[in-house]
Amino acid sequence: MANPTTTRKSFTHGEFGVAIALTVLALFSLIVAGKAHSSAYSFHALLFAVVSGYFVYKIVDRYYRRPAEPPPLEIDGKPNYNLGPIKFATLAALFWGIAGFAVGLWAALELAFPVLNFDLPWISFGRIRPLHTSAVIFAFGGNALIATSFYVVQRTCRARMVGDLAPWFVVIGYNFFILIAGTGYLLGITEGKEYAEPEWYADLWLTVVWVVYLLVFLGTIMRRKEPHIYVANWFFLAFILTIAVLHLGNNAAIPVSVFSSKSYIVWAGVQDAMIQWWYGHNAVGFFLTAGFLGMMYYFIPKRAERPVYSYRLSIIHFWSLIFLYIWAGPHHLHYTALPDWAQTLGMTFSIMLWMPSWGGMINGIMTLSGAWDKLRTDPVLRMMVVSVAFYGMSTFEGPLMSIKVVNSLSHYTDWTIGHVHSGALGWVGYISFGAIYCLVPWLWNRKGLYSLKLVDWHFWISSLGIVLYITSMWVAGILQGLMWRAYNSLGFLEYSFVETVEAMHVYYLIRALGGLLFLVGAILMVINIWKTITTSEPAAVQSDRPAMAPAE
């Protein structure tokens with residue numbers, strides 16, 4: 001390697017191009033801030049200017065501080081993994097998780113006690129509800145996905161992540177998108193589309209970040225030293241690619257002006273509804289399922305020190321899941337203006353999805369064959385295995401609720417809320433918690449977690465919270481559906497809408513209690529992670545993939 005003191009430093013083409021682009025963006029944002037049609041949009045433009053300027057400063061500062069030679073791909077014959085962006089995304093996931101769970105608890109309390117909105121528009125239920133969903137799904141879940149995908153792709157490919165600036169741009173740029181989206185909801189800036197509320201300028205920024213994410217991930221796979229692409233990487237890649245397509249299709253919009261936050265979606269009427277739920281259900285299918293299955297296929301075998309139960313089954317699971325999921329969206333639009341054939345198509349593919357989903361569940365749980373005793377002593381592994389059980393339960397309940405006769409009772413009720421949260425809290429939450437519990441000691445080179453007892457407390461407290469949450473919503477939803485369809489002897493509705501709302505009060509209190517317990521468990525996790533980073537003893541260098549070979 002050349003001597004850094006004698007090699008001349010210079011900007012790379014990528015650094016120079018990024019610095020110029022960000023400088024132009026900062027100047028343009030200042031112009032927009034001065035001429036914006038609303039103070040909220042002006043605030044966002046100023047944020048763009050400040051963050052763009054900060055990025056330019058860091059690029060220049062990094063140029064003067066770094067050695068002349070780029071970071072080596074290998075050190076003493078071993079890959080020189082890039083862990084900095086992964087650490088950032090891991091800590092960001094914890095931060096946004098606590099924020100998202102807390103806002104969700106407040107939203108639940110507002111439903112039980114509407115006076116808690118205090119007549120303040122920025123904390124009304126209509127604004128904090130999308131703040132909660134985006135903070136939990138995209139901020140907590142998204143950062144967990146970025147962190148784990150960057151870690152897994154490097155380890156399973158035995159190669160340093162492609163790019164030096166690019167991974168940092170992905171993690172910081174993505175969290176800046178979260179900041180813009182979240183503050184936008186509170187300020188009333190929204191497209192009003194489920195799971196796709198950010199306006200046009202936030203969508204454009206996310207598009208750039210996501211393309212860089214795809215290039216970094218693909219480039220790392222192409223640089224791999226392993227001839228085989230491990231199955232977790234296939235799921236991560238499907239998640240990244242499909243979310244890109246969904247984002248571009250559903251968020252196609254025409255801005256009123258560059259000086260206005262308002263835009264109009266290019267789709268209209270029933271076509272807009274169809275595109276929205278093609279996006280909405282596949283955001284669940286590929287963001288909240290495929291990506292987290294990538295976590296499952298790496299972290300459960302790694303933690304259990306057992307090979308994947310059936311590598312052939314994982315391949316069948318992958319291809320059948322990604323083919324079937326993309327067609328299931330119309331089941332959200334039963335009994336609407338959508339053509340009946342499209343509704344039936346969505347229902348049919350939803351029912352077929354039960355098979356590959358349970359194939360993945362069986363593969364995850366049966367990976368513990370020969371290591372079942374670890375569930376008694378390792379609460380992290382227990383948490384991840386329970387997450388797979390929740391995945392199986394949710395992917396049975398979802399196809400059931402897509403059947404038209406069942407949907408006629410469940411749709412627009414709190415049964416749907418219970419279903420969503422059995423997947424969100426039990427599957428997505430627990431597999432993310434388990435992955436982070438695994439990652440932190442590896443990233444910060446610690447012997448282990450600060451306290452497995454705290455993990456045990458986290459597991460049992462949050463499990464009780466999940467049970468209270470989803471059972472209360474199941475009962476509330478079925479009660480709602482039955483009350484709405486009850487008629488008296490004269491053919492009039494038996495109950496007014498206000499009476500159905502009144503009947504929900506006790507269940508909303510139970511739901512809020514369940515959310516509180518889940519939040520308490522997450523706070524215990526943050527304490528445990530913080531103590532692990534700051535006080536635990538260093539460990540020997542971690543090996544890449546013990547017991548990761550396929551079983552067949």
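- The CG atom of N282 sits 11.0 Å away from the CG atom of L288 when rounded to the nearest 0.5 Å.
- In this structure, F433 has its ring center closer than 6.0 angstrom to the ring center of F140.
- Other residues, nucleotides and ligands contribute only 12 or fewer heavy atoms inside 6.0 Å of the CH2 atom of W341.
- Applying the side-chain hydrogen bond (donor to acceptor under 3.5 Å, both in side chains) definition to pairs two or more places apart or across chains, those involving residues 362-371 are Y297-N363.
- Counting heavy atoms of neighbouring residues, nucleotides and ligands inside a 6.0 Å radius, atom CH2 of W267 does not exceed 12 of them.
- Between T532 and Y437, the side chains place no donor N or O within less than 3.5 Å of an acceptor N or O (distance only, hydrogens not considered).
- The pair R129-E194 meets the salt-bridge criterion, since a charged nitrogen lies less than 4.0 angstrom from a carboxylate oxygen.
- For the atom pair OH (Y230) and OG (S314), the distance works out to 7.5 Å, reported to the nearest 0.5 Å.
- At least one side-chain heavy atom of L479 sits under 4.5 Å from a side-chain heavy atom of Y507.
- Under the 6.0 Å cut-off for aromatic ring centres, F235 and H317 qualify, their centroids lying closer than that.
- Residues satisfying the side chain to side chain contact (heavy atoms under 4.5 Å, CB included) criterion with H411, sequence neighbours excluded, are N407.
- Looking at V170 and P85, their side chains never come closer than 4.5 Å, going by heavy atoms from C-beta outward.
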(message) Walk me through whether M274 and L338 qualify under side chain to side chain contact (heavy atoms under 4.5 Å, CB included).
(response) CA-CA 7 Å; M274 181 67 255; L338 191 73; 3.7 Å; yes
(request) Please step through side chain to side chain contact (heavy atoms under 4.5 Å, CB included) for the pair K453 and W457, ending with a clear verdict. (result) CA-CA 6 Å; K453 194 68 177 176; W457 278 101; 4.1 Å; yes
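- When all heavy atoms are compared, the tightest approach of A135 to A139 is O-CB, 3.0 Å.
- A distance of 10.0 Å separates CH2 of W277 from CG of N250, quoted to the nearest 0.5 Å.
- Between the OH atom in Y325 and the CE atom in M352 there is a gap of 13.5 Å [rounded to 0.5 Å].
- When all heavy atoms of R306 and A371 are compared, the closest pair comes out as CG-CB, 3.7 Å.
- You'll find the side chain of Y81 stays beyond 4.5 Å of the side chain of F150, heavy atoms only.
- No side-chain heavy atom of P198 sits less than 4.5 Å from a side-chain heavy atom of I180.
- Between the CG atom in L321 and the OG1 atom in T289 there is a gap of 7.0 Å [rounded to 0.5 Å].
- Ring pair F239/W210: centre-to-centre distance below 6.0 Å.
- Annotation for L517 and G465: closest pair CB-CA, 3.8 Å, computed over non-hydrogen atoms.
- For the pair I351 and P399, the tightest heavy-atom approach, listed with the atom from each and the gap, is CA-CB, 3.9 Å.
- Counting heavy atoms from C-beta outward, R160 and R223 have side chains that approach closer than 4.5 Å.
- The main-chain N or O of P330 is never found under 3.5 Å from a side-chain atom of H281 such that the two would form a donor-acceptor pair.
- Residue-environment remark: OH (Y335) exceeds the threshold of 12 foreign heavy atoms within 6.0 Å.
- The aromatic ring centres of Y391 and W427 sit less than 6.0 Å apart.
- Pairing each heavy atom of G359 with each of L313, the nearest pair is O-CD2, 3.4 Å.
- No hydrogens or angles considered: a donor-acceptor pair under 3.5 Å links the side chains of N233 and T156.
- Two residues are said to be in side-chain contact when any heavy atoms from C-beta on lie closer than 4.5 Å; I529 and L449 meet this criterion.
- Atom CD1 of I315 sits about 6.0 Å away from atom OH of Y311, to the nearest 0.5 Å.
- Taking the six-membered ring for Trp and the full ring otherwise, W205 and F169 have centroids separated by under 6.0 Å.
- The shortest distance between side-chain heavy atoms of T90 and Y151 does not fall below 4.5 Å.
- Between Y213 and S149, the side chains place a donor N or O and an acceptor N or O closer than 3.5 Å (distance only, hydrogens not considered).
- Within the 4.5 Å cutoff, no side-chain heavy atoms of I478 are placed close to those of T413.
- Environment of OH in Y450: sparse, with no more than 12 heavy atoms of neighbouring residues, nucleotides or ligands closer than 6.0 Å.
- Taking all atoms of both residues into account, the shortest heavy-atom contact from P379 to T377 is CD-O, 3.4 Å.
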(request) Mind running side-chain hydrogen bond (donor to acceptor under 3.5 Å, both in side chains) on Y298 and T148 for me, showing each step along the way? (result) CA-CA 9 Å; Y298 182 85; T148 53; over 6 Å; no
(message) Set out, in order, the CA-CA distance, both residues' side-chain angles and the distance that settles side chain to side chain contact (heavy atoms under 4.5 Å, CB included) for I533 and L443, then state yes or no.
(response) CA-CA 9 Å; I533 294 171; L443 292 173; over 6 Å; no
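- Tested against F101, the residues F518, W106, W96, Y469 include a single ring-ring contact (aromatic ring centres under 6.0 Å, His included) partner, F518.
- Atom CH2 of W474 has more than 12 heavy atoms from other residues, nucleotides or ligands within 6.0 Å.
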